[in-house]
Amino acid sequence: MLTVNEELSATSEELRTSLEELQAARLELEIQKDRLELIIEAANLGTWDWDMATDYTEYNERWATMLGYRLDEIPFQAQGFTDLLHPEDAARFALIFEQEKKGELLAFQEEIRLRTKSGEWKWILDTGKVFFDAHTQRPYRALGIHQDIDARKNAEALILRQNQELRLAKEELKTSNEKLLASLSELTAAQNLLQIQKEALEISEEKYRIVVETQADFVLLSEPNTRITFANQPLARALGTTTEAIYGLLWKDFAKPEDIVGIEQNIAQLSPENNLFIWENRDRRANGEWGWTQWLNQGIFNEEGKLTQLQSIGRDITALRAVQEALLQSEKEARLLARQYQSILDSQAVYVIKTDIEGRYTYINDYFRQCFGYQSFLIGQPSLETIVESDRQACIDTVILCIEKPELPHEVILCKLTETGEIKAGKWEFKGVLDEQGQVSEILCVGFDITAQVEALAHTQRLLDISSEQNTRLKSFTYIVSHNIRSHAANISGLLQLMLDSQEENEKQTYLEMLRSSANQLEETIFNLNEILSINENLSKPRHKKNLRAEVFKTLEILSGAILQHEAQIEVQVPEELSLAVISAYLDSILLNLLSNALKYRHPQRPPHIIVNAYQEGPYTVLQVQDNGLGIDLERHRDKLFGMYKTFHGNEDARGFGLFITKTQVEALGGRIEVESETGNGSLFKVYFYEEN
């Protein structure tokens with residue numbers, strides 16, 4: 001039987017042995033902890049440790065530098081983290097915090113945006129695990145890591161913005177990204193497991209090796225001269241060899257030769273302060289083709305600042321580079337094609353516009369803007385508002401045809417308003433544009449200016465109308481020539497015979513006076529007829545610019561005696577700058593006839609009041625002469641108002657020739673004359689002088 005001292009000695013020996021074993025285990029765990037820290041540092045991960053009881057959170061240096069901060073600038077409370085969250089992510093993460101505190105969440109992985117020190121938003125992959133008290137089963141601690149995924153998120157956003165022609169490539173890229181995300185998730189899960197186990201110091205080197213060998217990314221350790229000391233299985237499989245065969249090789253043994261210079265330059269620039277660089281190079285794969293790998297390289301330096309090792313984590317970006325190159329080429333070609341089409345559209349003297357199915361403008365080319373004066377604010381506005389009201393139904397009918405028969409172009413002539421209110425005519429071709437579902441989503445409208453042709457056609461029609469009227473007047477003129485001159489000749493012939501047959505001197509003298517009167521009337525008739533004939537002969541004379549206001553005052557000066565005699569009130573409202581290109585004699589005659597008539601046919605019970613004004617109306621300069629005189633019964637006399645030798649008031653000096661001459665002269669100048677009148681209330685004459693461009 002052992003004595004008490006012997007038992008104590010045995011117990012002491014057992015304790016010493018246990019202590020040695022515990023110290024050995026702790027040393028081993030410290031070694032594993034160092035390895036874990038190297039792995040985390042190589043993977044460029046940020047770590048956080050949240051004590052729920054004290055709300056104290058501990059971060060590593062990389063967690064802070066990832067966001068551009070120093071570690072001492074980060075508050076060590078959970079609120080400091082939530083203050084950096086993007087508003088769109090805050091509500092979602094508040095729910096995660098609440099679930100963690102209640103013990104409803106064991107682990108989580110979220111992509112979030114955090115505000116950097118510069119104010120920008122950076123995407124972070126946040127992975128965490130919650131620990132529970134073994135006795136109370138309540139959560140007391142949460143651990144996690146942060147991984148910078150900003151570049152990947154930006155690349156995903158870029159890929160989503162590509163055109164439809166690359167949909168297949170996008171799907172392949174999406175599949176590749178999903179595989180990459182899955183690989184990253186596997187790596188993150190492994191790293192999270194390592195991070196969590198670090199606190200308990202329970203990880204072993206074998207577990208670490210399993211994680212490294214089973215995750216999808218490449219892991220490579222090498223000497224400063226790039227001689228490889230470790231490579232994982234994914235890299236060996238990609239290169240079509242074994243890990244053992246890779247050991248001892250240099251990077252240049254499998255990387256493309258022209259990429260080696262850049263690699264060596266980056267290595268040469270490493271320093272303890274700047275110990276990271278990212279590099280993309282090509283390497284020959286198991287299938288004999290060149291693949292792309294993106295490497296995150298970290299230089300390890302000793303206490304003397306000498307580079308001792310390169311730790312590299314790589315991922316296969318062959319598919320991503322192929323898609324990026326295809327996207328760049330497609331974007332380049334699309335931009336070139338767009339510039340070519342835009343140049344063609346803008347250099348052509350045609351209008352090109354598009355509207356949506358509701359008729360709102362979605363596109364107008366530069367030529368349309370230049371011709372109509374509209375700027376970009378027209379986009380989104382109803383197109384019918386720029387079309388003259390009389391043509392809107394024709395536009396609507398044509399759009400309906402485009403919807404019913406989108407495969408055919410449909411023509412229509414429309415008059416549109418410029419920004420200044422000018423009307424321009426255009427010949428348009430409408431065609432429906434189909435969307436992906438085969439439905440008409442837009443109307444493409446291509447047109448060209450036919451304003452000059454329309455105006456020329458209208459002018460031609462006016463000339464035809466004038467010719468028709470002139471033919472009518474020609475018949476009247478022929479009748480006058482044949483009737484009036486024959487009557488005068490017969491009268492003279494008869495008087496001559498009577499004078500020859502007469503024996504009395506007194507009687508002969510009477511016949512002679514009558515003969516002289518008839519001769520004078522014949523002379524007047526011939527003069528009037530010659531005046532009419534001279535109008536068309538004078539058309540070959542050149543036109544001269546005349547200031548209309550000055551010409552009006554010149555005519556009023558000629559009539560000044562009658563104006564004073566009848567105490568007439570004259571108002572001249574003609575703009576001072578208004579000029580006309582006319583045959584001077586015609587303008588003098590027109591003004592004299594209209595103003596003298598306004599005085600001649602004054603109302604007996606009131607003094608004459610004459611208003612003369614002028615204004616522009618399209619291609620016409622309009623002269624208005626308004627009086628308060630006797631007026632004309634247009635219901636009775638409209639058709640013969642401008643006829644030769646037509647009088648309406650019984651004035652002794654009225655010849656019925658002035659308005660006939662005025663109308664003939666106005667029409668000879670390419671214009672027209674209109675009248676508004678009411679018996680006893682005066683008349684308004686409008687003369688439209690046609691101004692040729």
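Electrostatic pairing of Glu289 and Arg282 does not count as a salt bridge here, judged by no charged N lying under 4.0 Å from a carboxylate O. Classification of Asp283 and Lys256 as a salt-bridged pair fails, no side-chain N sitting under 4.0 Å from a carboxylate O. A salt bridge is absent between Lys153 and Asp150; no separation between the charged side-chain nitrogens and carboxylate oxygens falls under 4.0 Å. The pair Asp366-Arg369 meets the salt-bridge criterion, with a side-chain N (NZ, NE, NH1 or NH2) lying under 4.0 Å from an Asp/Glu carboxylate O.
In this structure a side-chain-to-backbone donor-acceptor pair under 3.5 Å is missing from Asp259 to Ala255. Side chain of Asp435 to main chain of Gln439: a donor-acceptor pair is present (N/O by atom type, distance under 3.5 Å, no hydrogens or angles). Looking only at distances, no side-chain donor or acceptor of Asp89 sits under 3.5 Å from a matching main-chain atom of Ile112. A donor-acceptor contact shorter than 3.5 Å links the side chain of Thr308 to the backbone of Ile300. Checked by atom type and distance alone, the side chain of Thr226 never pairs as donor or acceptor with a backbone atom of Leu250 at under 3.5 Å. Under the 3.5 Å distance criterion, the side-chain polar atoms of Lys129 are left unmatched by any main-chain donor or acceptor of Phe108. Not one N or O on the side chain of Thr65 forms a donor-acceptor pair closer than 3.5 Å with the backbone of Gly68. The closest donor-acceptor contact from the side chain of Thr241 to the backbone of Ala236 lies at 3.5 Å or more, if one exists at all. Between the side chain of Asp253 and the main chain of Arg227, no donor-acceptor pair closer than 3.5 Å is present. For the pair Arg70 (side chain) and Ala64 (backbone), a donor-acceptor distance under 3.5 Å is absent.
Of the inter-residue distances, the one linking Leu220 atom CG with Leu235 atom CG reads 6.0 Å to the nearest 0.5 angstrom. Within the model, atoms OG1 of Thr229 and CD of Gln311 stand 9.0 Å from one another, a figure rounded to the nearest 0.5 Å. Rounding to the nearest 0.5 Å gives a distance of 5.5 Å between CD1 of Ile228 and CG of Leu249. Note that CD of Gln298 is 7.0 Å distant from CG of Asn44, once rounded to the nearest 0.5 Å. One finds the CZ atom of Arg360 at 13.0 Å from the CD1 atom of Ile443 (value rounded to the nearest 0.5 Å). The distance from the CD atom of Glu223 to the CH2 atom of Trp251 is 12.0 Å, given to the nearest 0.5 Å.
A heavy-atom distance below 4.5 Å is found between the side chains of Tyr351 and Cys371. Looking only at side-chain heavy atoms (C-beta outward), Phe372 and Glu419 stay at 4.5 Å or farther from each other. The shortest side-chain heavy-atom distance between Thr243 and Gln233 falls under the 4.5 Å cut-off. Between Gln147 and Ile124 the shortest side-chain heavy-atom distance does not fall below 4.5 Å. Two residues are said to be in side-chain contact when any heavy atoms from C-beta on lie closer than 4.5 Å; Ile278 and Asn297 fail this criterion. Residues Tyr140 and Phe132 fail the side-chain proximity criterion, which asks for heavy atoms closer than 4.5 Å. Between Glu110 and Ile96 the shortest side-chain heavy-atom distance falls below 4.5 Å. You'll find the side chain of Ile357 reaches within 4.5 Å of the side chain of Val440, heavy atoms only.
Within 6.0 Å of atom CZ in Arg92, more than 12 heavy atoms from other residues, nucleotides or ligands are found, so the atom counts as buried in its surroundings. When the shell of 6.0 Å around NZ of Lys252 is examined, it contains 12 or fewer heavy atoms from other residues, nucleotides or ligands.
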Side chain to side chain contact (heavy atoms under 4.5 Å, CB included) assessment of Glu280 paired with Trp292: CA-CA 7 Å; Glu280 295 179 0; Trp292 280 95; 4.2 Å; yes

Derivation of the side chain to side chain contact (heavy atoms under 4.5 Å, CB included) call for His146 and Leu45: CA-CA 6 Å; His146 276 186; Leu45 299 176; over 6 Å; no

Chi angles and distances behind the side chain to side chain contact (heavy atoms under 4.5 Å, CB included) call for Phe368, Val352: CA-CA 7 Å; Phe368 182 87; Val352 180; over 6 Å; no

Tyr69 vs Lys117, side chain to side chain contact (heavy atoms under 4.5 Å, CB included): CA-CA, chis, key distance, verdict: CA-CA 6 Å; Tyr69 292 96; Lys117 187 174 182 179; 3.8 Å; yes

Criterion side-chain hydrogen bond (donor to acceptor under 3.5 Å, both in side chains) on Thr362 and Glu442, from CA distance to verdict: CA-CA 9 Å; Thr362 58; Glu442 288 185 308; 3.1 Å; yes

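Here the shortest heavy-atom pairing between Asn275 and Leu270 reads C-CD2, 3.6 Å. Looking at every heavy atom in both residues, Val130 comes nearest to Pro139 through CG1-CB, 3.6 Å. Of all the heavy atoms in Asn281 and Trp279, the pair that sits closest is CB-NE1, 3.1 Å. Closest of all the heavy-atom pairs between Leu434 and Gly438 is CD2-O, 3.6 Å. Nearest heavy atom pair, residue Ile353 against residue Ile364, reads CG2-CG2, 3.6 Å. When all heavy atoms are compared, the tightest approach of Pro224 to Ile267 is O-CG2, 3.9 Å.
Shown here are the side chain to side chain contact (heavy atoms under 4.5 Å, CB included) partners of Glu120, two or more places apart in sequence or in another chain: Thr116, Ser118. The ring pair (Phe, Tyr, Trp, His ring centres under 6.0 Å) search around Trp50 returns Phe97, not counting sequence neighbours. Lys306 pairs by the side chain to side chain contact (heavy atoms under 4.5 Å, CB included) definition with Asn302, not counting sequence neighbours. Applying the side chain to side chain contact (heavy atoms under 4.5 Å, CB included) rule to Leu95 yields the partners Gln99; only residues at least two apart in sequence or on another chain are considered. Residues passing the ring pair (Phe, Tyr, Trp, His ring centres under 6.0 Å) test with Phe277: none are found, sequence neighbours excluded. Shown here are the ring pair (Phe, Tyr, Trp, His ring centres under 6.0 Å) partners of Tyr59, two or more places apart in sequence or in another chain: Trp63.
Relative to the six-membered ring of Trp123, Arg152 misses at least one condition, a distance below 6.0 Å or an angle of at most 45° to the axis.
In this model, a donor atom of one side chain and an acceptor atom of the other lie less than 3.5 Å apart for Asp126 and Trp48.
Screening Arg237, Arg285, Arg321 for a salt bridge (Lys or Arg N to Asp or Glu O under 4.0 Å) with Asp316, the sole residue that qualifies is Arg285.
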